[in-house]
S.K.: 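Supplied in structure tokens, the structure appears directly below.
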Amino acid sequence: MSGPDAYERSRACPVLHVDMDAFYASVALRDRPDLQDSPVFVGGGHRGVVLSANYLARARGVRSAMPGSRALRLCPEAVVLAPDHAAFATVSAAVMETFRQVTPLVEGVSMDEAFLDVSGAGRLLGTPLAIAEQLRARIADEQRITCSVGVAATVSVAKLASTRAKPDGVRVVAPDEVVAFLHHRDIGDLYGVGEKTRDRLRRQGYLTVGDLARTEVGVLRRDLGEHLGPHLHTLAWGADRRQVRSRHAPVFAGVTHDPDKSMGAQSTFGRDTADRAVVLRELLRLTTSVTGRLRTAGVAGRTVALTVRFSDFTTLTRSRTLGEATDVTQEVFAAVVALHDALSLRGDRLRLVGVRVEGLQARAGIHHQHVLGEREVGWAEADRAVDQAARRFGPAAVRPASLLGG
DNA sequence: TCTGGGGTCCTAGGACCC
DNA sequence: TCTGGGGTCCTAGGACCC
């Protein structure tokens, strides 16, 4: 859609979905003009996957989340760059700040994409399409990376529209265009329909979005389940009512804020291991990292979950809910060790372990029940001392004794 | 050299309570 | 005798997203 009419028609489309183009690769390439004409991807070292590939590498079949080894087989001359997470975070924060100067209703989906509700910004900044163009120009100018924007009346259509706009474009899908825009698409294009669901839908005879739209909700509920059936029917008509929800700290009254529900960390071993000492040392490292983040965020959680993945990629999770929420390293680690030992692994080689704390709540709202005979100064105080030392001397300064060796 | 790491949400069964 | 319902919590697994 183009022409002066497009600006007017976009007035009915207050939702913007802004998506950076090949974000990690673009940031990595900003200061490497020598690589502009080479296929490049970020990530994918030993046992790693591709985080992001530039369009030259994509033309060769390289995709994000693909094993690095496979990407190199497809494109042996590709330049592989290590991710610079600090740079990504800096650019991401700057871009999100740019969004917030347009509207407080910014929902960051990830480092490189966000939904904006610009229904309140029109008087100052113009139509949604005009705002989208201003944002694209500013980001290109200030961050030297391109982005694409979908403009629509609903979150789900805006999301699909930005995909169609890539790379470096804008796509407005006005309400009266939604059906034509959606119904011929593959069901796998719908947000929330991944590989498994797509295969299942195909087996059941649903090939296009239109197929879902034309089926009665009751039939979809029977075929796809209580939730998924009605949900996909709604998406197939572009009729979702999901609001843009700011996940930023509560800034303005009326802006909804969702606190985190869980925090976790996991890591893949350089090579699979069956050594209990190695596994527990890694679990302690992960636990220390997670509880540190909990304390920084001022939250604590009641449920501790352990994940293990075996050499053959089968994955188990085991969890335990504690009497009260905790952010104390030793308490979480004790639960992790108990869960680990309950698995009775006998020589099974592990590829990955993970720790997650769920059921998070603000620490301020938790009343600690003192147990009879409990020491007044305990592990929680030890954690606070560690946090303080880490702030002053860096996170490497204080580590549990068992992490110092090996 | 196949297959990362950080999350959210849904389902389903069993326990338990009223 | 022959099998209530509803609600909530906990656990495990799976799908999905970026």
Side-chain angles (χ1 to χ4, degrees), chain A residues 17-24 41-53 62-74 80 82-83 85 88-89 92 107-115 155-156 159-160 162-163 188-201 224-232 235 242 245 247 258-272 286 289-290 293 297 301-323 335 339 342-343 351-360:
Chain A
H17 180 254
V18 188
D19 199 342
M20 303 300 130
D21 299 324
F23 179 62
Y24 299 94
F41 65 84
V42 176
H46 176 63
R47 298 195 129 183
V49 299
V50 174
L51 265 175
S52 173
V62 177
R63 296 284 179 272
S64 13
M66 173 182 282
S69 51
R70 182 154 169 242
L72 277 178
R73 274 201 302 277
L74 287 167
V80 186
H85 292 286
F88 301 151
S92 177
E107 176 175 344
V109 179
S110 64
M111 284 253 228
D112 69 328
E113 63 179 271
F115 289 105
V155 161
S156 74
K159 168 84 186 166
L160 287 176
S162 71
T163 309
D189 290 350
L190 288 180
Y191 190 74
V193 176
E195 198 185 334
K196 309 278 181 176
T197 306
R198 191 191 60 206
D199 290 350
R200 181 177 155 202
L201 289 171
L224 306 173
E226 197 61 38
H227 178 86
L228 192 62
H231 178 64
L232 291 186
L235 291 190
R242 188 160 94 68
R245 294 186 300 182
R247 290 182 53 79
D258 295 329
D260 285 337
K261 309 217 161 131
S262 71
M263 283 191 198
Q266 60 179 47
S267 80
T268 298
F269 294 111
R271 45 186 291 225
D272 299 354
L286 295 169
S289 156
V290 172
R293 283 162 53 210
R302 271 188 72 204
T303 302
V304 177
L306 167 74
T307 301
V308 303
R309 175 170 295 154
F310 298 98
S311 296
D312 68 357
F313 233 72
T314 57
T315 306
L316 298 181
T317 67
R318 291 291 182 271
S319 64
R320 167 174 298 195
T321 299
L322 310 175
L339 290 166
L343 287 173
R351 177 192 178 87
L352 166 149
V353 288
V355 173
R356 179 161 292 277
V357 177
E358 303 166 349
L360 302 189

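To find a chain, count down the sequence lines: A is the first, B the second, and so on, and within it residues start at 1.
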S.K.: By nearest heavy atom, map A:Gly48 and A:Lys261 onto DNA chain B; which one lands nearer the 5' end?
M.R.: A:Gly48
S.K.: Looking for any heavy atom pair under 4.0 Å, which part of the strands does A:Arg356 touch: base, sugar-phosphate only, or nothing?
M.R.: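 Base: the residue A:Arg356, judged by heavy atoms under 4.0 Å, touches a nucleobase.
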S.K.: In whole Å, I'd like the distance from the NE2 atom of A:His227 to the P atom of B:dT11.
M.R.: 6 Å
S.K.: Take the protein atom CG of A:Leu228 and the nucleotide atom P of B:dC10, then report the distance between them rounded to whole Å.
M.R.: 10 Å
S.K.: Listed in order of residue number, which residues of residues 302-310 of chain A have a non-hydrogen atom at under 4.0 Å from DNA chain C?
M.R.: A:Arg302
S.K.: With Watson-Crick and G-U wobble geometry limited to distances under 3.5 Å, how should the secondary structure of DNA chain C be encoded in dot-bracket form, using | for bases paired to another strand and [ ] for crossing pairs?
M.R.: ....||||||||||||||
S.K.: Does the side-chain contact (heavy atoms from CB on, under 4.5 Å) test come out yes or no for A:Thr163 and A:Asp189, once each step is laid out?
M.R.: CA-CA 10 Å; A:Thr163 309; A:Asp189 290 350; over 6 Å; no
S.K.: side-chain contact (heavy atoms from CB on, under 4.5 Å) between A:Val50 and A:Val80: does it pass, once the steps are laid out?
M.R.: CA-CA 9 Å; A:Val50 174; A:Val80 186; over 6 Å; no
S.K.: Look at A:Ser319 and C:dA12 and indicate whether a side-chain polar atom (N or O) is within less than 4.0 Å of OP1 or OP2.
M.R.: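 Yes, because at least one side-chain N or O of A:Ser319 sits under 4.0 Å from OP1 or OP2 of C:dA12.
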S.K.: Examine B:dT8: is either OP1 or OP2 under 4.0 Å from a nitrogen or oxygen in the side chain of A:Ser262? Give yes or no.
M.R.: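 It does, given that an N or O in the side chain of A:Ser262 lies less than 4.0 Å from OP1 or OP2 of B:dT8.
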S.K.: Taking the inter-plane angle between the rings of A:Phe88 and A:His85 on a 0 to 90° scale, is it parallel (under 30°), tilted (30 to 60°) or perpendicular (over 60°)?
M.R.: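 The arrangement is perpendicular - the two ring planes meet at more than 60°.
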S.K.: Take atom CZ in A:Arg70; do more than 12 heavy atoms of anything else shown fall under 6.0 Å from it?
M.R.: no
S.K.: Indicate yes or no: at least one non-hydrogen side-chain atom of A:Leu232 is less than 4.5 angstrom from one of A:Leu201.
M.R.: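 Counting from C-beta outward, A:Leu232 and A:Leu201 do come under 4.5 Å.
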S.K.: With side chains defined as the heavy atoms from C-beta onward, is the minimum distance between A:Lys159 and A:Val109 less than 4.5 Å?
M.R.: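 Heavy-atom side-chain distance check fails, nothing below 4.5 Å.
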S.K.: Could you tell me whether A:Ser267 contacts a base, only the sugar-phosphate backbone, or nothing, with contacts defined as non-hydrogen atoms closer than 4.0 Å?
M.R.: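 Since only primed, P, OP1 and OP2 atoms lie under 4.0 Å of A:Ser267, the category is sugar-phosphate.
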S.K.: Distance check, rounded to the nearest 0.5 Å: A:Arg63 atom CZ versus A:Leu74 atom CG?
M.R.: 9.5 Å
S.K.: Rounded to whole angstroms, how far apart are CZ on A:Arg351 and P on B:dT1?
M.R.: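 Whole-Å distance recorded here is 14 Å.
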S.K.: Look up atom CG in A:Leu352 and atom OG in A:Ser311, then write down how far apart they are to the nearest 0.5 Å.
M.R.: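 So the gap between those two atoms works out to 11.5 Å.
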S.K.: How close or far is atom P of B:dT3 from atom CG of A:Leu51, stated in whole angstroms?
M.R.: 15 Å
S.K.: May I ask you to test the A:Phe23-A:Glu113 pair for a side-chain heavy-atom distance under 4.5 Å?
M.R.: no
S.K.: When the distance from CG of A:Asp312 to C1' of B:dT3 is rounded to whole Å, what number comes out?
M.R.: 13 Å
S.K.: How close do A:Phe310 and A:Arg351 get, heavy atom to heavy atom, and via which atoms?
M.R.: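 Shortest heavy-atom separation between A:Phe310 and A:Arg351 comes out as O-CB, 3.7 Å.
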S.K.: Looking at every non-hydrogen atom in both residues, tell me the closest pair between A:Ser319 and A:Thr303 and how far apart they are.
M.R.: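 Looking at all heavy atoms of both residues, the closest pair is CB-CG2, 4.0 Å.
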S.K.: Which letter, B, S or -, goes with each nucleotide of nucleotides 13-18 of chain C from 5' to 3', with contact meaning a protein heavy atom under 4.0 Å?
M.R.: S-SSSS
S.K.: Give me the distance, rounded to whole Å, that separates C:dC17 from B:dT3 when you measure between the P atoms they each carry.
M.R.: 23 Å
S.K.: Nearest whole angstrom, please: distance from the P of B:dC2 to the CG of A:Leu72.
M.R.: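 In whole Å, B:dC2 P lies 14 Å from A:Leu72 CG.
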S.K.: Under 4.0 Å between a side-chain N/O of A:His46 and OP1 or OP2 of B:dT1, yes or no?
M.R.: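 False: A:His46 side-chain N/O out of range (4.0 Å or more) of B:dT1 OP1/OP2.
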S.K.: Given atom CZ of A:Arg320 and atom C1' of C:dC10, what is their separation to the nearest angstrom?
M.R.: 13 Å
S.K.: Could you tell me the separation between the CZ atom of A:Phe23 and the P atom of B:dG6, rounded to a whole number of Å?
M.R.: 18 Å
S.K.: Tell me which of A:Ser311 and A:Met263 sits closer to the 5' end of DNA chain B, going by the nucleotide each one is nearest to.
M.R.: A:Ser311
S.K.: Any chance the side chains of A:Thr307 and A:Thr317 put a donor and an acceptor closer than 3.5 Å?
M.R.: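 Looking only at side-chain atoms, A:Thr317 and A:Thr307 do not form any donor-acceptor pair under 3.5 Å.
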